[in-house]
Asks: 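Dropping a structure here in structure tokens format, bear with me for questions.
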Amino acid sequence: MNVRTWRGVPAPERPAPRTAPPPPASTASFAGIRFIMPRYDARRIESRWQKFWDEQRTFETPNEPPAGSTGKLYVLDMFPYPSGSGLHVGHPEGYTATDIVVRYSRMRGKHVLHPMGWDAFGLPAEEHAVRTGTHPRITTEQNIDTFRRQLKMLGFSYDWTRELATTDPDYYRWTQWIFLQIFDSWYDAAHEWTGPDGRRRRGRARPIRDLPIPPEVHALGPDDVRRFQDQHRLAYISEAPVNWCPALGTVLANEEVIDGKSERGGHPVERLPLRQWMLRITAYADRLGSELEDLSWPESIKLLQRNWIGRSTGAEVDFLVEGLQPAAGAPPRGFDEWRENRSRSSFPRHPEPNVVRVYTTRPDTLFGATYMVLAPEHPLADAITTDAQRAAVAAYREQASRKSDLDRTDLAREKSGCFTGAFAVNPVNGQRIPIWIADYVLISYGTGAIMAVPAHDERDLEFARQFDLPVIEVVQPPQAGESAIGFTGDGVAIHSGEYDGLPTQEFKRRITEDLHARGLGREAVNYRLRDWLFSRQRYWGEPFPIWHELDADGKPTGLMRADAAESLPVLHPHMENFRPTGNPEPMLSKAPDEWLYRTAEDGVRLKRETNSMPQWAGSCWYYLRFADPQNGERFIDPEVEKYWLPVDLYIGGAEHAVLHLLYARFWHKVLFDRGHVSTAEPFSRLVNQGMILGEAELTGYVRAPSGGAAPSQAAERDTGGGFQRDQIPPDRWVSLTDVVEQAGDQLADRVTGEPVVAMRLAAEDVMKQGGCLVLKERPEIVVDSRAFKMSKSRGNVINPDDVVQAYGADSLRLYEMFMGPLEQVKPWSMSGVEGVSRFLSRAWRMIADERADEVALNPAVQDVEPTEEQDRLLHRTIKAVTEDVEKLSFNTAISRMMEFVNGFSQWEPRPRSAMERFALLLSPFAPHIGEELWRVLGHGTSLAYEPWPAFDAARIAEAEVEIPVQVNGKVRGKLRAPTGADQAAIQSLAESDAQVRALLDGKTVVKVIVVPGRMVNFVVK
RNA sequence: GCCGAAGUGGCGGAACUGGCAGACGCGCUGGAUUCAAAAUCCAGUUUCCCUCAAAGGAAGUGUGGGUUCGAGUCCCACCUUCGGCACCA
């Protein structure tokens, strides 16, 4: 199936010409529109040029570099989820930034790849289907059409022939194919190899057929070999407690659960054991962390990822449990005997059944361990529990298993636990310590068991105090007088036998070595990162290309088969009803039997996997497909991949700092290990745009009407919790400084304790006084001014359609860039849009004749040589704009262009050459007016591939510069000096200046500091 | 609690490697143009003191210290806001 025809868009037939001349300026009609537009009329200009770019295929980019190319540049936007509400003003922020970069780069001769597509699988379309019965594909297509229209309306120079949607069967065919690559891989952590990037690495994904099969497994037969392989695949099935969200009807990844609620919708989430697909991202934890190093990403994002991966180093240590059998039927052995045994063997891969293995980052505190804790789910919990404690432990474990994550975190963190009755022996000193079970130890981290050192761990201390367990100090803090109890930093060892006096770091090294030598422990590394829960129970996601074998009774045998790569894609089954099953059973399990079952050639009955992939899957590799979107043979041609990848600049929201970027890097590394891509990292440079907030709102506070415990909800802001704005008795206002927040979001008056509600104010209600905004009618009342995240409930959402309708796309683009630095959070301001729109009008009038009946050149624009001053402004502007675009400092670039227009507008005549170069500078930012001005200046072709203007530093320099003269660091006067004057020259100039002499009169000059071209400072007494 | 980012006019923000704080834009004030309005153009706009005015002076980049001839920028401590993580041993 061809992706283009499937969506009803015919494939292009002829190669794209770069440019073609539009009708000459004298023609009275253009693109079929009457051409009377003396004033700057954004709407007419914009639709005309959009049509022109489309028809002329101006931005289509063949994979072959054009003659004279200065190199490839792949600039990518994070593709949007096409929601039903259309484009948000946040989208065009990053998209405009990349569009400026690519338009600029084309003018610098770069061969630019700049595509756009749709992250189109996802819940909302399916929820819509549940409500209306409309197939999610229909809804998705409609939403995509809206998004495409809106993006085209903004004049972005995407190569639309590369457009793709993750929901295209021709796309998810390869998503499924990549899944099969992951499924076909195991991670060989010991494998050392040199990649195509020339780097030596340890650890690699390898084909599952290369997995060594232990002889004892081999002996069990082929089915067991297959099960063994299945356990080692990078994509595997695991029965694990998962986050089941009944409201959404799906299981969610840990990352999608926030405070025990779903990230999307805020619905409660339950813990439930379920058979789920997992991706072994933890195998890559180390590389995902260390290979961040060379990337040009913001340090803060790298740190966020590193924290998410959460690498920690420490030691695993074995503790013998008293009175337990080392093996079935064997008699219990004593501590000394065990230790003796261990020192002869070595630290075993798996501990004996009577040994608890713990993970600790502080092996130096081993002498301070006063008890042990196992996670409630720990496999040894049953075996070690004494009969006396059995009932209590069972009850505790039962209760813990029912606790959701919400309960575990929200319950004011009160520690709970239960003694097992068992004791372990501390391997370093033979001390008996009790073993507890408590849910503050997680089964999913480390070994699921800890040694507790209450003196030097906050959680252990809290637990020890609650249950009256002993506390032994073993680390002396470096600062005298600091209490050792509760000290968690590095210090010097005490009460630690032969190790006393060792600094923490050295102690750690020594004891880890000693434990290792005696077979009692070893160095260990752990990660906070967990394997990626990769299945969902919804319809609108990629089906898995996997079959489960059934036995004669139709029951799954646990053995799996993958679909053949040639048979992909696995399409969705036809379904009428999209209502969730109401239980964790996947939607696809309701599919027709033809889809669900088949019989293999060897006669084995097969049932399809009915889970679907999560939305993250499609976005894990779309940047690869853009380079070769129509390839029917491979997911990407290797030569094309080598040419375009990696992405040189990737811009998107910071909300994807961890999930999307980590997942995509993981997939990329698997493909790299398996030889399908040539780079180890997909995105060499990353920039996060800052969120755009709503317009700043003024808020006053009012004591609620008596009896009315009004909630301070946003929705109440217009009514003030029962008051109309004009009816508020003056004495009910409360100053912002007196408003305090109480439990549960309630606001109250600090003085009286009465509840307080927020009340939206208008600009004319307030005035400025002493650095605060205050109420005009009662100036002692301080009010609040803040911008909030745009949201439907707050009613402060700005629709880009409306902005374009009123001011034009160029103004919207320019404003979004002018608001402030790209990475920064910033509030929207409609009058700011008006400001940049006025600038564009001034630029228009500077070049075009406003009084003429038809678009014509302003008579002031003439073929004259620029004056020295004009030349200076021109070249200074070119230099600044060029450098600012390189730095992505678009707001300052626009300021410079405003200065240019402010300068040139007052000059007549205006040299045509300067106006032309200005149009070129402006065009990446405001491409429609840029093209139009270029045409007015007499050019017949698009400026999209015109060379970027160059500047001449010599023309920027002035003959003289003004230099401030300071006395004791304060500016006291100015003098003019020749530009190149050296220190001595400037000093003598300053000293001979009458004004300066007057300042120095009667004082002793101690020192003179001269910074040539900058300033002079006389230090006097 | 831990980690990160940021605090500059009424507002968004600018200020290269320490060197004239407030570029540019918004808003506001006054003026021109107009029958009037919109649009446009011109001037002013950190605060305080002094002055009829001009000129001048002082303070000023979250707070308090420090380094320096000189600090928005560097160092130390703290406060506030935003973002992330949150029993990860």
Side-chain angles (χ1 to χ4, degrees), chain A residues 39 258-259 298-301 303-304 306-308 310-312 314 358-362 365 373 408-409 413 415 438-442 444-453 456-460 462-463 526-530 654-655 657-658 690-691 693 695-696 763 766-773 785-787 815 818-821 823-836 838-839 841-842 845 850 883 889 891-899 902 905-906 962-971 973-974 1006-1011 1013-1020:
Chain A
R39 268 206 175 159
I258 293 163
D259 290 337
E299 279 309 313
S300 57
I301 299 294
L303 196 71
L304 227 54
R306 285 200 193 97
N307 290 346
W308 191 266
R311 185 190 149 99
S312 78
V358 303
Y359 171 71
T360 175
T361 56
R362 292 296 299 268
T365 60
V373 183
R408 267 188 158 179
T409 55
R413 296 231 174 149
K415 292 277 182 296
D439 66 3
Y440 83 93
V441 172
L442 309 174
S444 51
Y445 185 78
T447 60
I450 62 157
M451 64 170 199
V453 184
H456 306 291
D457 182 285
E458 252 178 76
R459 298 150 300 185
D460 296 345
E462 210 180 299
F463 190 83
N526 264 297
Y527 301 93
R528 208 190 70 106
L529 184 72
R530 305 292 147 82
E655 66 273 21
V658 178
M691 205 196 320
L693 306 175
E695 296 235 10
V766 302
M767 62 180 197
K768 187 215 156 199
Q769 192 184 67
C772 303
L773 285 169
S785 171
R786 280 185 62 174
Y815 174 66
F818 187 61
M819 291 170 87
E823 287 102 323
Q824 203 164 296
V825 177
K826 39 209 177 276
W828 186 266
S829 149
M830 222 29 129
S831 47
V833 185
E834 238 171 279
V836 293
R838 275 202 281 271
F839 157 67
S841 301
R842 279 203 304 278
R845 287 196 302 271
E850 202 177 14
E883 289 171 357
S889 177
N891 55 330
T892 50
I894 294 167
S895 298
R896 296 313 194 112
M897 290 189 283
M898 287 173 168
E899 286 175 298
N902 291 347
S905 293
Q906 62 185 348
E962 196 184 58
I963 290 180
V965 181
Q966 300 180 354
V967 176
N968 286 344
K970 294 201 195 270
V971 181
K974 310 240 162 125
V1006 182
K1007 199 175 173 187
V1008 184
I1009 291 124
V1010 182
V1011 183
R1014 284 269 180 217
M1015 44 72 67
V1016 186
N1017 188 12
F1018 291 94
V1019 186
V1020 301

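FYI, side chains are in, hydrogens and waters are out, and symmetry mates aren't considered; it's all heavy atoms of this structure.
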Asks: Give a yes/no answer on whether the side chain of A/Arg838 brings an N or O atom under 4.0 Å of OP1 or OP2 in B/rA39.
Replies: no
Asks: Of A/Tyr445 and A/Thr892, whose closest RNA chain B nucleotide lies nearer the 5' terminus?
Replies: A/Thr892
Asks: A/Gln824 side chain N/O closer than 4.0 Å to the phosphate oxygens (OP1, OP2) of B/rG13?
Replies: yes
Asks: Using purine N1 to pyrimidine N3 plus N6-O4 or O6-N4 for Watson-Crick, or N1-O2 and O6-N3 for G-U wobble, each under 3.5 Å, what pairs with B/rA5?
Replies: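 Base-paired to B/rU81.
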Asks: If we call it a pair only when both distances are under 3.5 Å in a Watson-Crick or G-U wobble match, what pairs with B/rA54?
Replies: none
Asks: Can you check the distance between B/rU63 and B/rU80, where both ends of the measurement are the C1' atom (answer in whole Å)?
Replies: 10 Å
Asks: Round to a whole Å and report the spacing from CZ of A/Arg1014 to C1' of B/rA71.
Replies: 15 Å
Asks: Heavy atoms, side chains only, cut-off 4.5 Å: are A/Tyr445 and A/Tyr527 in contact?
Replies: no
Asks: Could you tell me which nucleotide pairs with B/rC74 by Watson-Crick or G-U wobble geometry, both distances under 3.5 Å, or answer none if nothing does?
Replies: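 In the structure as shown, B/rC74 has B/rG66 as its Watson-Crick or wobble partner.
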Asks: Toward the 5' end of RNA chain B, which comes first, A/Phe839 or A/Ile450, by nearest nucleotide?
Replies: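 Checking each residue's closest nucleotide, the 5'-ward one belongs to A/Phe839.
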Asks: Mark yes when over 12 heavy atoms from residues, nucleotides or ligands other than A/Glu458 sit less than 6.0 Å from its CD; otherwise mark no.
Replies: no
Asks: The side chain of A/Pro821 is closest to which nucleotide in this list: B/rG70, B/rA14, B/rG4?
Replies: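 Looking only at heavy atoms from C-beta outward on A/Pro821, the closest nucleotide is B/rA14.
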Asks: Tell me what A/Asn307 touches on the nucleic acid: a base, only sugar-phosphate, or nothing, going by heavy atoms under 4.0 Å.
Replies: sugar-phosphate
Asks: With a 4.0 Å cut-off on heavy atoms, is A/Ser312 in touch with a base, just the backbone sugar-phosphate, or nothing at all?
Replies: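 The residue A/Ser312 makes sugar-phosphate contact but no base contact.
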Asks: Tell me the interatomic distance from A/Lys970, atom NZ, to B/rA71, atom C1', rounded to whole angstroms.
Replies: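 These atoms are roughly 13 Å apart.
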Asks: Which one is paired to B/rU45, where only Watson-Crick or G-U wobble pairs with both distances under 3.5 angstrom count?
Replies: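 Base-paired to B/rG27.
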Asks: Checking all strands, does A/Glu962 fall into the base, sugar-phosphate, or nothing category for heavy-atom contacts under 4.0 angstrom?
Replies: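 Counting heavy atoms under 4.0 Å across all strands, the contact made by A/Glu962 includes a base.
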Asks: Which base, if any, makes a Watson-Crick or G-U wobble pair with B/rC16, both distances under 3.5 Å?
Replies: none
Asks: Syn or anti for B/rG9, given that syn means the glycosidic angle lies within 90° of 0?
Replies: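 Glycosidic conformation of B/rG9: syn.
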Asks: What distance, rounded to whole Å, do you find between the two C1' atoms, one in B/rG9 and one in B/rU61?
Replies: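 Each nucleotide's C1' atom is 10 Å from the other's.
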Asks: Counting side-chain heavy atoms from C-beta on, which of B/rA89, B/rC87, B/rC69 comes nearest to A/Asp439?
Replies: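 The closest nucleotide is B/rC87.
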Asks: Describe the nucleic acid contact of A/Val1011 in one word from base, sugar-phosphate, nothing, applying a heavy-atom distance below 4.0 Å.
Replies: base
Asks: Ignoring hydrogens and geometry, is there a side-chain-to-backbone donor-acceptor pair from A/Gln966 to A/Met1015 under 3.5 Å?
Replies: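 Judged by distance alone, no pair lies under 3.5 Å.
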Asks: Roughly, in whole Å, what's the span from CE in A/Met819 to P in B/rG12?
Replies: 11 Å
Asks: Does a nitrogen or oxygen in the side chain of A/Asn902 sit under 4.0 Å from OP1 or OP2 of B/rA23?
Replies: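 No, no such contact exists.
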Asks: Does A/Asn1017 use its side chain to pair, donor to acceptor, with the backbone of A/Ile1009 at less than 3.5 Å?
Replies: no
Asks: To the nearest Å, how far apart are A/Met898 CE and B/rC24 C1'?
Replies: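 Distance, rounded to whole Å: 6 Å.
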Asks: Write down the distance between NZ (A/Lys1007) and P (B/rU68), rounded to a whole number of angstrom.
Replies: 10 Å
Asks: Taking a pair as Watson-Crick or G-U wobble with both distances under 3.5 Å, which nucleotide is matched to B/rA86?
Replies: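 Checking every strand shown, B/rA86 finds no partner, since no pair has both distances under 3.5 Å.
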Asks: Atom CG of A/Leu303 to atom P of B/rG84: distance rounded to whole Å?
Replies: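 Interatomic distance, CG of A/Leu303 to P of B/rG84: 15 Å.
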Asks: For nucleotides B/rA53 and B/rC42, find the distance between their P atoms and express it as a whole number of Å.
Replies: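 Looking at atom P only, B/rA53 and B/rC42 are 28 Å apart.
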Asks: From B/rC20, B/rC85, B/rA14, pick the nucleotide closest to the side chain of A/Trp308?
Replies: B/rC85
Asks: Counting distance only, does the side-chain N/O of A/Ser829 pair as donor-acceptor with the main-chain N or O of A/Gly832 below 3.5 Å?
Replies: yes
Asks: Between B/rC69 and B/rG12, how far is it from one P atom to the other, in whole Å?
Replies: 36 Å
Asks: Would you mind classifying the nucleic acid contact of A/Met1015 as base, sugar-phosphate or nothing, using non-hydrogen atoms under 4.0 angstrom?
Replies: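 Base contact.
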Asks: Which value, in whole Å, describes the distance between the C1' atoms of nucleotides B/rG44 and B/rU67?
Replies: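 That atom pair is separated by 40 Å.
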Asks: Tell me whether A/Arg362 contacts the main-chain N or O of A/Thr360 through its side chain, where contact means a donor paired with an acceptor under 3.5 Å.
Replies: no
Asks: Would you mind reading off the distance between A/Leu304 atom CG and B/rC85 atom C1', rounded to a whole angstrom?
Replies: 8 Å
Asks: Name the closest nucleotide to the A/Asn891 side chain, picking from B/rA89, B/rG13, B/rG25.
Replies: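 Selected nucleotide (nearest to the side chain): B/rG13.
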Asks: Out of B/rA14, B/rC24, B/rG70, which nucleotide sits closest to the side chain of A/Ser895?
Replies: B/rC24
Asks: Please determine, for B/rU40, whether a Watson-Crick or G-U wobble partner exists with both distances under 3.5 Å, and give it or none.
Replies: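 WC or wobble partner is B/rA32.
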Asks: Report which part of the nucleic acid A/Ile1009 touches: base, sugar-phosphate, or nothing (heavy-atom distance under 4.0 Å, all strands).
Replies: base
Asks: Say you pick atom C1' in B/rA54 and the same atom in B/rG72; how far apart are they, in whole Å?
Replies: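 Here B/rA54 and B/rG72 have their C1' atoms 32 Å from each other.
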Asks: Does A/Arg842 put a side-chain nitrogen or oxygen below 4.0 Å from OP1 or OP2 of B/rG25?
Replies: yes
Asks: For the side chain of A/Asn1017, counting heavy atoms from C-beta on, which of B/rC24, B/rC26, B/rC69 is nearest?
Replies: B/rC69
Asks: Taking the side chain from A/Asp457 and the backbone from A/Ala452, do they hold a donor-acceptor pair closer than 3.5 Å?
Replies: no
Asks: Sticking with atom P, work out how far B/rU45 lies from B/rA39, rounded to a whole angstrom.
Replies: 24 Å
Asks: Just how far is it from atom CZ of A/Arg528 to atom CG of A/Leu442, taken to the nearest 0.5 Å?
Replies: 11.0 Å
Asks: Taking the same atom, P, in B/rA21 and in B/rG60, what whole-Å distance lies between them?
Replies: 12 Å
Asks: Find the distance between CG (A/Asp460) and NZ (A/Lys415) and round it off to the nearest 0.5 Å.
Replies: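 If we round to the nearest 0.5 Å, A/Asp460:CG and A/Lys415:NZ are 8.5 Å apart.
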Asks: Does A/Lys826 put a side-chain nitrogen or oxygen below 4.0 Å from OP1 or OP2 of B/rG12?
Replies: no
Asks: Taking only the side-chain nitrogens and oxygens of A/Arg306, find out if one of them lies under 4.0 Å from OP1 or OP2 of B/rC3.
Replies: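 Checking B/rC3 against A/Arg306, no side-chain N or O comes under 4.0 Å of OP1 or OP2.
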Asks: NA contact type, A/Gly310, heavy-atom cut-off 4.0 Å: base, sugar-phosphate, or nothing?
Replies: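 Nothing, no nucleic acid heavy atom in range.
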Asks: Could you check how far CG of A/Asp457 sits from C1' of B/rC87, rounded to whole Å?
Replies: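 One finds 9 Å between C1' of B/rC87 and CG of A/Asp457, rounded.
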Asks: Would you mind telling me which of B/rC26, B/rG12, B/rC87 lies closest to the side-chain atoms of A/Pro827?
Replies: B/rG12
